[in-house]
Protein chains: 2
Amino acid sequence: MPRPATVSPDRILAAAAAEFAERGYAGARVDRIARKARVNKAMLYYHFGSKQALYRALLRNTFAVVAARLQHIASSDRPAAEHIDQVVDTLAMFVSEHRHFPAIMLREIADGATHLDRETVRALAALPATVAGIVQQGITRRELRTIHPLVAYLTVLAPIVMFLAGTPIRKELAAEHVAGAANLTTAVFLSQLKDVMRRAFALTPSERIR
Amino acid sequence: MPRPATVSPDRILAAAAAEFAERGYAGARVDRIARKARVNKAMLYYHFGSKQALYRALLRNTFAVVAARLQHIASSDRPAAEHIDQVVDTLAMFVSEHRHFPAIMLREIADGATHLDRETVRALAALPATVAGIVQQGITRRELRTIHPLVAYLTVLAPIVMFLAGTPIRKELAAEHVAGAANLTTAVFLSQLKDVMRRAFALTPSERIR
DNA sequence: GTCTATACTTCGATAGAC
DNA sequence: GTCTATCGAAGTATAGAC
């Protein structure tokens with residue numbers, strides 16, 4: 001007898017993602033998460049123990065999945081420039097399936113990991129470590145110019161995350177007539193960003209000769 | 001008789017910046033802001049009316065100042081590439097004086113401007129509008145390649161803000177041995193970022209001919 | 001303008017029955 | 001595993017004296 005696809009803990013995690021993304025750790029309400037997940041609040045505590053433990057479980061979970069997907073890129077036998085494109089696309093794809101990820105990430109940076117334990121921090125660390133590793137591989141192979149891998153990580157990831165988390169505020173800006181705020185689609189953004197990143201990390205012709 | 005340099009409302013705003021940056025709107029505590037500002041809580045309500053009004057006042061204030069500083073860049077008679085450097089430096093300088101700005105900005109993006117009124121949104125809008133304007137000027141003068149000005153805005157600003165807001169979490173990552181997390185200074189970051197942005201927005205030789 | 005005391009509300013968490 | 005009812009802590013805000 002197959003279990004229903006979304007069993008309680010999973011539904012709770014999904015509801016928690018929405019609530020924590022929308023309101024932040026402090027603004028999130030356990031009652032609201034339980035209601036969104038259509039479980040009793042006592043049930044939530046039965047499965048996760050506390051608001052904090054639920055938050056940590058959500059973050060470990062989410063970051064483990066992104067990092068795992070990015071890991072595949074490093075092992076594929078493609079030019080480094082293409083790896084960068086794949087990082088952008090993989091991130092964008094992941095977010096299209098986990099719409100609450102960007103806001104949670106922005107909030108966690110602002111929070112400075114205050115609500116996290118060591119194990120969860122380790123899970124978060126896999127994201128920069130993986131992207132930095134991909135960049136470092138390109139540099140070592142002399143396909144990308146020398147750059148601090150974390151600078152490259154931030155240069156690629158920060159705009160994506162901010163763009164995707166920023167959809168609501170971009171609508172507000174469009175209402176205040178900020179030029180271009182109304183007509184910037186995700187597709188245009190991603191394609192221009194990939195172009196920008198290629199130019200930013202490519203070896204110049206003179207560097208290529210050596 | 002000159003008033004003391006930091007009169008009550010200013011001290012309250014400074015304390016509010018620290019508190020809202022560290023904990024977010026929902027996590028911020030009015031009592032804590034009052035204590036940090038060394039004013040009575042009733043005094044805070046006397047001056048600002050509510051937690052929300054205080055938050056809005058802080059944001060209007062802060063964003064008006066950044067935008068004003070950036071406005072100067074557009075009117076200076078320098079090459080567009082230099083304008084981009086100046087945007088980076090101006091933002092970095094502003095943050096060195098307003099250390100709580102990056103975290104507040106990340107949180108406000110994640111919040112989607114929910115706690116703001118129209119006037120405050122307008123104040124926030126000045127930041128992307130100004131940077132996009134500087135980029136657009138460079139494109140019009142055929143000194144930068146064609147790019148959506150908001151893509152350029154996000155490409156420049158997102159990494160800076162995330163880097164500067166991310167100092168606490170970067171220390172956590174360093175403790176978990178993420179390569180390079182321990183040795184990335186602000187100076188190195190800014191200089192590499194400027195380099196990245198120049199390459200990203202520069203006209204290619206063939207484009208320059210036309 | 002400044003302070004003390006407190007009203008009112010919301011929230012995280014649990015006890016205890018089933 | 002599931003639910004109802006509720007406790008106790010914290011939080012925003014204000015009344016009212018000075």
Side-chain angles (χ1 to χ4, degrees), chain A residues 1-60 104 107-108 110-111 113-117 120, chain B residues 1-59 104 107-108 110-111 114-117 120:
Chain A
M1 206 61 159
R3 289 220 240 103
T6 48
V7 73
S8 259
D10 287 355
R11 279 220 314 275
I12 293 170
L13 282 171
E19 177 73 3
F20 284 123
E22 219 170 283
R23 319 248 183 180
Y25 180 79
R29 298 295 166 244
V30 175
D31 286 276
R32 240 184 332 241
I33 295 173
R35 190 159 36 76
K36 279 184 201 174
R38 284 167 301 145
V39 301
N40 191 281
K41 183 168 60 156
M43 223 27 235
L44 185 154
Y45 279 98
Y46 174 79
H47 281 299
F48 291 95
S50 72
K51 179 182 179 179
Q52 189 178 60
L54 170 59
Y55 184 68
R56 290 172 178 178
L58 170 67
L59 261 66
R60 276 200 301 276
I104 288 175
R107 292 186 195 276
E108 200 44 50
D111 278 348
T114 5
H115 315 290
L116 307 185
D117 54 359
T120 310
Chain B
M1 208 58 159
R3 290 220 241 106
T6 48
V7 73
S8 262
D10 286 356
R11 280 220 313 275
I12 294 170
L13 282 171
E19 177 73 4
F20 283 123
E22 220 170 283
R23 319 247 183 183
Y25 180 79
R29 297 296 166 243
V30 176
D31 285 278
R32 249 194 313 254
I33 295 174
R35 190 158 36 77
K36 280 185 201 174
R38 283 164 302 144
V39 302
N40 191 284
K41 183 169 56 161
M43 221 31 233
L44 185 153
Y45 279 99
Y46 174 80
H47 281 298
F48 291 95
S50 71
K51 177 182 178 178
Q52 189 177 61
L54 170 60
Y55 184 68
R56 291 172 176 176
L58 170 67
L59 261 65
I104 289 175
R107 293 188 194 275
E108 200 42 51
D111 279 347
T114 6
H115 315 291
L116 306 185
D117 54 359
T120 310

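Residue numbering restarts at 1 for every chain, and letters A, B, ... go by the order of the sequence lines.
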Margin query: Please give me the minimum heavy-atom distance between A:Ile12 and A:Ile33, naming the atom from each residue.
Written below: O-CG2, 4.0 Å
Next item on the list: Name every residue in residues 23-47 of chain B that has at least one heavy atom under 4.0 Å from any atom of DNA chain C, in order of residue number, or write none if there are no such residues.
Entry: B:Asn40, B:Ala42, B:Met43, B:Tyr46
Item checked: For the student: nearest non-hydrogen atoms of B:Ala53 and B:Phe48, plus distance -> CB-O, 3.1 Å
Margin query: Keeping A:Glu19 on the side-chain end and A:Arg29 on the backbone end, is there a donor-acceptor pair under 3.5 Å?
Written below: yes
Check: Under 3.5 Å, side chain of B:Arg107 to main-chain N/O of B:Glu22, donor-acceptor pair present?
Finding: yes
Next item on the list: May I have the distance from B:Phe48 (atom CZ) to D:dT14 (atom C1'), rounded to whole angstrom?
Entry: 18 Å
Item checked: Distance, rounded to the nearest Å, where B:Ile12 contributes CD1 and C:dG1 contributes C1' -> 12 Å
Next item on the list: Without swapping roles, check the side chain of B:Lys51 against the backbone of B:Tyr25 for a donor-acceptor pair under 3.5 Å.
Entry: yes
Check: Rounding to a whole Å, what distance do you find between B:Tyr55:OH and D:dA13:P?
Finding: 15 Å
